[in-house]
Amino acid sequence: MNLIKVKDYEEMSNRACEYLVKKIHELDNPVLGLATGSTPEGLYKRLIEKYNSDEVSFKGVTTFNLDEYVGLSKEDPQSYHYYMMDKFFNHIGDISSENIHLPNGTAEDLEQECKDYEVLIRKAGHVDIQVLGIGKNGHIGFNEPGTPFTSRTHVVELDESTRQANSRFFDSMDDVPKQAISMGIETIMESKEIILLVSGEGKAEALARLLETDAETTEDFPASVLRKHNHVTIIADEASRLK
Ligand code: GLP
């Protein structure tokens, strides 16, 4: 795993943006894997700036998001659909809407939705570069501790700690969904390249555990699977690195 140390959130966002823009220029019809949460917000802002200054185009770009809450419609301001439209896609004039993919958390048949999502990713030729954040408990996407490394896109029961962490976006804890659809760990690992963004002292323990040289690669700490991937870049700010 390649570790890029940066000063702060701004620099992490800038580096991640440069990285993605370079990839988009290099590849024909790039397939991007995208994440939500607070961590990539700065990256999306930078990408919008690059788009507005004609330094990048999203023509021919296809995107797959990692996850979506079960039971929240696309119009629900707490849904990841809404987040992605609001913080990114609504500001990118040249991406074609049929190339934007997120799991549908209101699908009648959730199991079928998961299978269909896998088919779409495969048809697109797999993700070229996946952006990841990390949960304090080491979750990636919504793959909580204990999720098999062989998992594909699936319905997950969210950990209480994850619901608690994400409750800041909701009016009350009762409003936080208990389930989500998430790309599986194996699905994520099939991405040709991964960039993991880590910012803030709240993530320091998780990052330290990930970087420990003799630490176990275990399903109890989902992010540890990234050690088995041959092209992972971690962009981490000072606050997230234990001294
Ligand atoms: C959320 C998302 C993840 C995200 C993580 C960290 O629950 N499902 O994709 O990476 O938790 O979120 P944040 O960046 O807000 O700390």
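Just so you know, ligand 1 is whichever comes first in the structure, and atom 1 is the first atom listed for that ligand.
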Please state whether Ala35 comes within less than 4.0 angstrom of ligand 1, counting heavy atoms only.
-> no
Taking every non-hydrogen atom, the tightest pair across Ala35 and Gly133 = CB-N, 4.4 Å
Can Ile95 be reached from Leu47 by stepping across I, L, V, M, F, W or Y side chains whose heavy atoms are under 4.5 Å apart?
-> yes
Is the closest basic N to carboxylate O distance between Glu160 and Arg163 below 4.0 Å?
-> yes
Working to the nearest 0.5 Å, report the span between CD1 of Ile48 and CZ of Phe58.
-> 8.5 Å
His139 side-chain N/O to Phe221 backbone N/O, donor-acceptor pair under 3.5 Å = no
Contact region, Tyr80 to ligand 1, non-hydrogen atoms below 4.0 Å, reads side chain
Which atoms from ligand 1 have a heavy atom of Gly133 less than 4.0 Å away?
-> 10 (O)
Between Glu68 and ligand 1, which part of the residue brings a heavy atom under 4.0 Å of the ligand: side chain, backbone, both or neither?
-> neither
Under 4.0 Å from one or more heavy atoms of Thr39, ligand 1 contributes atoms 13 (P), 14 (O), 16 (O)
Which of Lys45, Arg15, Arg46 passes side chain to side chain donor-acceptor pair (under 3.5 Å) with Glu10? It is Arg46
Does a donor on one side chain and an acceptor on the other come within less than 3.5 Å for Asp76 and Tyr69?
-> no
Output yes when the distance from some N or O of ligand 1 to some N or O of Gly37 is under 3.5 Å, and no in every other case.
-> no
Nearest neighbour in protein (non-hydrogen) for atom 16 (O) of ligand 1 | Lys203 NZ, 2.6 Å
Can you find an N/O atom of Thr36 closer than 3.5 Å to an N/O atom of ligand 1?
-> no
Would you mind listing which atoms of ligand 1 come within a distance below 4.0 Å of any non-hydrogen atom of Gly141?
-> 2 (C), 3 (C), 8 (N), 9 (O)
Side chain to side chain contact (heavy atoms under 4.5 Å, CB included) with Met1: of Leu210, Leu196, Thr233, only one passes, and it is Leu210
min-distance protein heavy atom vs atom 5 (C) of ligand 1 -> His139 NE2, 3.5 Å
Measure from the side-chain N and O atoms of His154 to the backbone N and O of Asn143, and report whether any donor-acceptor pair falls under 3.5 Å.
-> no
Would you kindly say whether Glu68 and Tyr117 are connected by a side-chain donor-acceptor distance under 3.5 Å?
-> no
Answer with side chain, backbone, both or neither: which part of Ile134 has a heavy atom less than 4.0 angstrom from an atom of ligand 1?
-> backbone
Nearest protein heavy atom with distance in Å, relative to atom 8 (N) of ligand 1 = Asp67 OD2, 2.9 Å
Check whether any N or O atom of Asn166, backbone or side chain, sits under 3.5 Å from an N or O atom of ligand 1, and answer yes or no.
-> yes
For ligand 1, which atoms, with element, lie under 4.0 Å from some heavy atom of Phe142?
-> 7 (O), 8 (N)
Is there a heavy atom in Lys136 that sits closer than 4.0 Å to ligand 1?
-> no
Check if Glu41 has a non-hydrogen atom at a distance under 4.0 Å from any atom of ligand 1.
-> no
